[in-house]
Each structure stands twice: as structure tokens, then as C-alpha cells.
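Both counts, for ligands and for their atoms, begin at 1 and track the order of listing.
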Amino acid sequence: MNFTIEELELPGILLITSKLFRDNRGHFQEIFKNSVLNVEFQQCNFSFSQKDVIRGLHYQEPPNAQGKLIVPITGHVQDVVVDLRKNSPTFSQHLCVELKCQESMLYVPEGFAHGFAVKSESAHVMYMCTQEYNPNAERGIKYNDPQLDIPWAVTQPILSTKDSNLPLWQHVIREQA
Ligand SMILES: Cc1cn([C@H]2C[C@H](O)[C@@H](COP(=O)(O)OP(=O)(O)O[C@H]3O[C@@H](C)C(=O)[C@@H](O)[C@H]3O)O2)c(=O)[nH]c1=O
């Protein structure tokens, strides 16, 4: 078995490591195997970001909610998830996980908002999604929402205009109630 999987403090969030096979050419690594993580993916994305970028916090509304396998291809990111599952004992709680290329990946099931901050000079991040992108279902929460109080590793982030204007947690929850 080339993988180790550890469920973290928020139920359903899986930290995944995969064995690195080194040889005289370089190295080889498995990223995903259906027998290890029994998830069906519908889309695969790839983004490049410079240091101090924060992307997030993003999610899609059901029935377009996405589970995501986050794979840093280069660099080092602080990955952040927020539990949006109303019936979850950890509803509204967040988790920050350090992800380094070749060392760690994260599986984030449906029902979480997701984002990351780039700690290295740059980072290429690939992520596989269980549902296709749907701009009408796309939602977000302001990364620095005071109620969520996430200890971001980047204090003066580079953001997209869209992410600078995301609503606060209290408005998101009110809309969903
Ligand atoms: C996410 C996405 C974006 N796009 C387009 C929309 C937009 O014009 C451009 C850039 O989109 P965004 O600014 O939303 O990209 P980005 O901020 O990188 O969005 C991503 O952030 C991370 C944290 C996630 O968890 C992802 O699910 C996704 O929401 O790409 C697609 O065509 N397909 C997609 O699947």
C-alpha cells in the first residue's frame, strides 16, 4: 500500500500521504487510487499562485457541492477548511493544514468551504473535484471573517477582486437558514 490516510479533527477531512519512489531519473508518486479513496471525480483543476496569495474561502451549493482532493505540485501552502454542515458537531469550526509538495495532500468532502494561502515563493496546486464547476452555484466567505478567526499564515494577502468582496459568515448563514 503506497498511501497513508489520517482523518483529522474535523470528521471527513483526510490528510493523505503517498510513498515517493526515488531513482536515478527523479521520482515517482501515486496521487489517487480509487481503491484507497473511493471517490468519483468529475473535474481536475490546476492553479499557479505567487507567494502571499490567498484563494478562498469557496464552496458550491448543493446539488453542485464539490468534494476536493487538494494536491500541491510545487511549493507549500496553508490549506484551510470550514465546516458548513449544519448537522455536524463541528459546524462552523475551521482547520488549518500545512501541505507541502510531494509530502501531503488533503481530501475535503462536500459541505466545507475551502481556501489556501501560499507560503513558498510560489505554488502550483492541482485539485480534483467530485462535481463540475457551476458559476451559478459558486459561493464564498470572506477569508478574514472575524467570527471565523482563522489564523492565516499570510497577513497582507494578494486577493482576487471577487475574494475581496465575499460576504461575511453571518450573512452566509442567514441566507442558508
Ligand atoms: C474554479 C473555476 C474557475 N473558473 C474560471 C472562473 C474565473 O474566470 C477564473 C478564476 O476563477 P476563481 O477566481 O474562482 O479561481 P480560484 O480563486 O482559484 O477558485 C478556486 O479556489 C480554491 C480555493 C477552491 O477551493 C476551488 O474550488 C476554486 O473555487 O476561472 C472556471 O472556468 N472553472 C472552474 O472550475
Side-chain angles (χ1 to χ4, degrees), residues 8 10-16 31-32 37 39-85 88 90-101 104-145 148-169 171-173 175-176:
L8 301 181
L10 299 186
I13 300 290
L14 304 177
L15 183 64
I16 301 173
I31 297 296
F32 164 74
L37 183 68
V39 173
E40 234 177 74
F41 292 109
Q42 306 296 337
Q43 185 171 330
C44 184
N45 299 330
F46 187 61
S47 66
F48 168 79
S49 311
Q50 51 185 303
K51 186 178 166 64
D52 294 337
V53 162
I54 290 182
R55 294 179 187 254
L57 298 155
H58 301 158
Y59 62 100
Q60 290 194 164
E61 284 287 1
N64 301 100
Q66 295 173 309
K68 298 171 191 172
L69 177 64
I70 318 295
V71 186
I73 303 294
T74 66
H76 177 190
V77 302
Q78 177 199 33
D79 211 79
V80 175
V81 296
V82 179
D83 192 347
L84 304 176
R85 302 168 300 182
S88 165
T90 53
F91 173 70
S92 85
Q93 291 183 29
H94 65 264
L95 186 64
C96 303
V97 186
E98 300 292 314
L99 296 181
K100 282 190 182 158
C101 60
S104 38
M105 305 177 260
L106 198 71
Y107 181 67
V108 182
E110 294 176 8
F112 286 83
H114 171 255
F116 61 85
V118 177
K119 297 178 72 173
S120 44
E121 272 316 301
S122 65
H124 292 85
V125 176
M126 184 186 87
Y127 50 100
M128 295 167 75
C129 304
T130 58
Q131 294 285 340
E132 290 194 9
Y133 174 65
N134 180 336
N136 300 320
E138 171 177 59
R139 302 282 182 277
I141 307 167
K142 189 82 186 285
Y143 81 99
N144 61 350
D145 187 301
L148 294 177
D149 198 24
I150 295 167
W152 287 99
V154 172
T155 48
Q156 303 232 294
I158 302 165
L159 299 170
S160 68
T161 309
K162 188 170 78 175
D163 285 355
S164 317
N165 293 315
L166 287 175
L168 293 175
W169 170 254
H171 301 304
V172 171
I173 292 311
E175 261 174 38
Q176 286 185 347

Would you please indicate yes or no on a ring centroid separation below 6.0 angstrom for Phe46 and Tyr127? no

Between Trp169 and Tyr143, ring centroids under 6.0 Å: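 Distance test on ring centres: not under 6.0 Å, no.
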
Heavy-atom closest pair, residues Val154 and Ile54: O-CD1, 4.1 Å

Could you measure the distance from the CD1 atom of Ile70 to the CD1 atom of Ile16? Nearest 0.5 Å is fine.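 Answer rounded to 0.5 Å: 10.0 Å.
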
For ligand 1, which of its N or O atoms have a protein N or O partner closer than 3.5 Å, and how long is each gap?
from     : atom 1 : to     : atom 2 : distance (Å)
ligand 1 : 14 (O) : Lys162 : NZ     : 2.7
ligand 1 : 18 (O) : Arg55  : NH1    : 2.8
ligand 1 : 19 (O) : His58  : ND1    : 3.3
ligand 1 : 21 (O) : His58  : ND1    : 2.9
ligand 1 : 25 (O) : Lys68  : NZ     : 2.9
ligand 1 : 25 (O) : His114 : ND1    : 2.7
ligand 1 : 27 (O) : Lys68  : NZ     : 2.8
ligand 1 : 29 (O) : His58  : ND1    : 2.8
ligand 1 : 35 (O) : Gln43  : NE2    : 3.0

Could you check Leu57, Leu10, Leu84, Val80 and say which one makes a side chain to side chain contact (heavy atoms under 4.5 Å, CB included) with Phe112?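 Only one of Leu57, Leu10, Leu84, Val80 forms a side chain to side chain contact (heavy atoms under 4.5 Å, CB included) with Phe112, namely Leu10.
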
Glu110 bridged to Arg85 by N-O distance under 4.0 Å: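 Salt bridge: no.
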
